[in-house]
Amino acid sequence: MENKPKPELREVASAAIRDRWSSYPSAGLTPRRLTSILRDADAGNLVRQMELFTEMEEKDAHLFSCLQTRKLAVSGLPWTIEGNTATTDFVNEALDGLDNFEEALMDLMDALGKGFSVSEIIWGAGRGRVTAKTLTKRPQKKFRFATEDGLSISPRLVTEDEPINGVPLVDDKFIVHMYRAGADLPERGGLLRVLSWMYLFKNYAFKDWVTFCEVFGMPLRLGIYSPNATKEDREALINAVTNLGSDAAGIISESTKIEFVEAAGKGGASPYRDLVELINKEMSKAVLGQTLTSDVGGNGSYAAGMVHQVVRDDIMRADARALERTINRGLVRPLVMFNFGGSVKPPKFRFVLDREQTKEKK
């Protein structure tokens with residue numbers, strides 16, 4: 001009888017208190033700081049880049065919505081186990097028994113934005129069976145791709161003993177899902193890397209827009225002093241003008257006066273709105289492949305919207321097939337190997353993509 005390999009039952013990348021800490025790199029983000037963050041990631045140090053990417057999703061509602069739409073388009077699909085082997089029912093029951101399997105699919109789809117995502121399999125063993133108890137997402141900043149000899153195509157776990165180069169992942173213990181948006185290196189493959197500059201420019205536009213809205217329509221308080229006004233008079237005047245906005249009262253000398261100049265309309269805030277809307281459309285194109293189904297009130301016919309929806313379906317299918325390969329490689333194969341041996345061919349995990357065949361999985 002074939003000897004079955006045994007899984008690693010302990011948690012390898014267990015959560016630590018420092019995982020909750022963040023340097024909040026988006027605070028005061030400038031082109032120079034962004035370039036520095038991206039260069040650090042190119043060198044293998046992903047911490048600041050991953051912290052920035054997390055903040056981008058937290059702070060930008062439109063970007064968050066686009067990424068969630070694309071993630072949910074796949075993670076919400078019904079799925080099936082294909083195959084006529086003795087292992088088919090076993091794998092189906094094993095995945096059904098995972099209480100967080102749908103959540104785990106969503107976690108793995110986080111690779112869309114960040115380039116890769118890692119979930120640790122918490123194995124359980126008993127009564128002659130090995131089961132996956134749960135799939136636990138591990139933050140991307142716990143990993144890196146740098147090694148002493150150069151770059152690695154697979155993430156390496158950063159540990160207390162190896163904080164620089166990290167250690168290779170334990171075999172059949174982690175599910176690693178990769179996404180590359182046309183980049184040659186994994187750390188540059190996420191959509192948030194593509195969108196980081198758009199996010200920066202949008203932040204500038206919003207900051208100026210909010211400042212503009214704060215003073216728009218308010219009358220200008222203009223202090224006027226005579227040539228004979230003393231230094232004390234001028235200082236009293238500037239203090240009065242400054243405090244008048246909140247105090248609505250002040251005392252000045254006869255040699256000075258305050259006038260209110262009504263602000264003239266200058267076309268509203270359209271330059272800022274135009275820039276923000278342009279950036280939102282660029283984000284929609286990058287994430288969803290189109291704009292009509294993501295922009296409320298946008299121009300476009302129903303027919304054009306349906307054409308764009310087809311583009312989204314194409315992207316969804318590509319995402320689904322990529323995630324299928326990851327699940328089959330990282331979860332289904334080791335499940336079968338640990339329980340039936342390495343020589344047994346595993347069945348295939350598949351998403352149900354054809355709408356006429358789609359039905360809710362119980």
Side-chain angles (χ1 to χ4, degrees), residues 7 11 13-15 19 53-54 57-58 63-83 87-124 129-140 142 172-179 190-192 287-288 293 312-336 338-339 346-362:
E11 287 192 46
S14 56
D19 294 338
F53 289 171
T54 298
E57 289 190 75
E58 290 176 351
L63 179 57
F64 172 80
S65 175
C66 289
L67 287 170
Q68 285 292 100
T69 297
R70 187 157 166 186
K71 293 175 186 178
L72 289 169
V74 173
S75 62
L77 287 171
W79 51 269
T80 186
I81 304 298
E82 293 182 352
T87 61
T88 302
D89 290 340
F90 170 79
V91 171
N92 191 73
E93 292 176 4
L95 298 190
D96 262 341
L98 274 167
D99 56 0
N100 73 328
F101 186 56
E102 283 72 23
E103 177 185 340
L105 293 177
M106 189 74 169
D107 290 338
L108 290 170
M109 288 297 291
D110 195 41
L112 289 174
K114 299 180 176 70
F116 73 100
S117 58
V118 181
S119 289
E120 182 174 355
I121 306 172
I122 309 302
W123 295 109
R129 285 291 190 228
V130 174
T131 58
K133 296 166 60 178
T134 188
L135 306 178
T136 304
K137 186 180 189 300
R138 300 306 184 189
Q140 284 91 339
K142 290 177 73 78
D172 302 313
K173 181 63 174 171
F174 295 90
I175 305 175
V176 180
H177 187 50
M178 309 285 284
Y179 179 83
L191 289 170
L192 289 170
V287 179
L288 302 176
T293 59
R312 283 185 56 182
D313 286 345
D314 289 346
I315 293 175
M316 180 197 68
R317 288 173 178 273
D319 289 343
R321 295 310 181 205
L323 187 55
E324 285 174 358
R325 291 190 291 270
T326 295
I327 295 297
N328 284 316
R329 178 181 63 250
L331 181 58
V332 174
R333 182 193 58 78
L335 260 176
V336 172
F338 290 141
N339 287 280
K348 295 293 183 181
F349 170 89
R350 298 279 287 181
F351 286 111
V352 180
L353 296 177
D354 294 331
R355 296 184 185 277
E356 62 274 11
Q357 298 178 9
T358 298
K359 61 181 179 179
E360 291 296 326
K361 182 177 180 60
K362 301 296 185 182

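Any value given below was found using the heavy atoms of this structure, including those in side chains, with hydrogens, waters and symmetry copies removed. Every value quoted in this text rests on a predicted model; they were computed, and no experiment measured them.
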**Student:** Write down the atom of Ala111, the atom of His177, and the distance for their closest heavy-atom approach.
**Tutor:** CB-O, 3.4 Å
**Student:** Would you call Glu82-Lys348 a salt bridge at under 4.0 Å N-O?
**Tutor:** no
**Student:** Mind checking the CG-CG spacing from Leu108 to Leu331? Nearest 0.5 Å is all I need.
**Tutor:** 9.5 Å
**Student:** So do the side chains of Ile327 and Leu105 get within less than 4.5 Å of each other, counting heavy atoms only?
**Tutor:** yes
**Student:** Using the salt bridge (charged side-chain N to carboxylate O under 4.0 Å, His left out) criterion, which residues pair with Glu58? Sequence neighbours excluded.
**Tutor:** none
**Student:** Just so I know, are the side chains of Ile81 and Thr87 near enough to count as touching, which here means a heavy-atom distance under 4.5 Å?
**Tutor:** no
**Student:** Distance from Tyr179 atom OH to Met109 atom CE, nearest 0.5 Å?
**Tutor:** 9.0 Å
**Student:** State, to 0.1 Å, how close Lys133 and Gly124 come at their nearest heavy-atom pair, and which atoms those are.
**Tutor:** CD-CA, 3.5 Å
**Student:** Any idea which heavy atoms bring Phe116 and Met178 closest together, and the distance?
**Tutor:** CB-SD, 3.6 Å
**Student:** With sequence neighbours excluded, what pairs up with Phe101 under the ring-ring contact (aromatic ring centres under 6.0 Å, His included) test?
**Tutor:** Trp79, Phe349
**Student:** Is any side-chain heavy atom of Lys137 closer than 4.5 Å to one of Met106?
**Tutor:** no
**Student:** Sequence neighbours excluded, which residues qualify as side chain to side chain contact (heavy atoms under 4.5 Å, CB included) partners of Pro346?
**Tutor:** Val332, Val336
**Student:** Quick one, Phe174 and Thr136 - any side-chain contact, counting heavy atoms below 4.5 Å?
**Tutor:** no
**Student:** List the residues meeting side chain to side chain contact (heavy atoms under 4.5 Å, CB included) with Ala104, not counting sequence neighbours, and say none if there are none.
**Tutor:** Leu135
**Student:** Side-chain contact, heavy-atom cut-off 4.5 Å: Leu63 with Leu67?
**Tutor:** yes
**Student:** Kindly indicate whether the side chain of Val287, heavy atoms from C-beta on, has any atom under 4.5 Å from the side chain of Leu112.
**Tutor:** no
**Student:** Are the side chains of Val118 and Glu120 in touch, meaning some heavy atoms are under 4.5 Å apart?
**Tutor:** no
**Student:** Please walk me through it: do Leu288 and Ile315 pass side-chain contact (heavy atoms from CB on, under 4.5 Å)?
**Tutor:** CA-CA 8 Å; Leu288 302 176; Ile315 293 175; 5.8 Å; no
**Student:** Where is the tightest heavy-atom contact between Ile122 and Lys173, given as atom of each residue plus distance?
**Tutor:** CA-NZ, 4.1 Å
**Student:** With rounding to the nearest 0.5 angstrom, report the OG to CZ distance, Ser65 to Arg70.
**Tutor:** 14.0 Å
**Student:** Roughly how far, to the nearest 0.5 Å, is CZ of Arg325 from CZ of Arg321?
**Tutor:** 9.0 Å
**Student:** Can you list everything that forms a salt bridge (charged side-chain N to carboxylate O under 4.0 Å, His left out) with Arg333? Sequence neighbours excluded, please.
**Tutor:** Asp172
**Student:** Compare every heavy atom of Arg329 with every heavy atom of Pro334, then report the nearest pair and how far apart it is.
**Tutor:** CD-O, 3.6 Å
**Student:** Mind checking the OG1-CG spacing from Thr131 to Leu95? Nearest 0.5 Å is all I need.
**Tutor:** 11.5 Å
**Student:** Asp107: what forms a side chain to side chain donor-acceptor pair (under 3.5 Å) with it, not counting sequence neighbours?
**Tutor:** none
**Student:** Kindly indicate whether the side chain of Asp110, heavy atoms from C-beta on, has any atom under 4.5 Å from the side chain of Gln140.
**Tutor:** yes
**Student:** Do you know which two heavy atoms are closest between Val130 and Phe90, and how far apart they sit?
**Tutor:** O-CZ, 3.9 Å
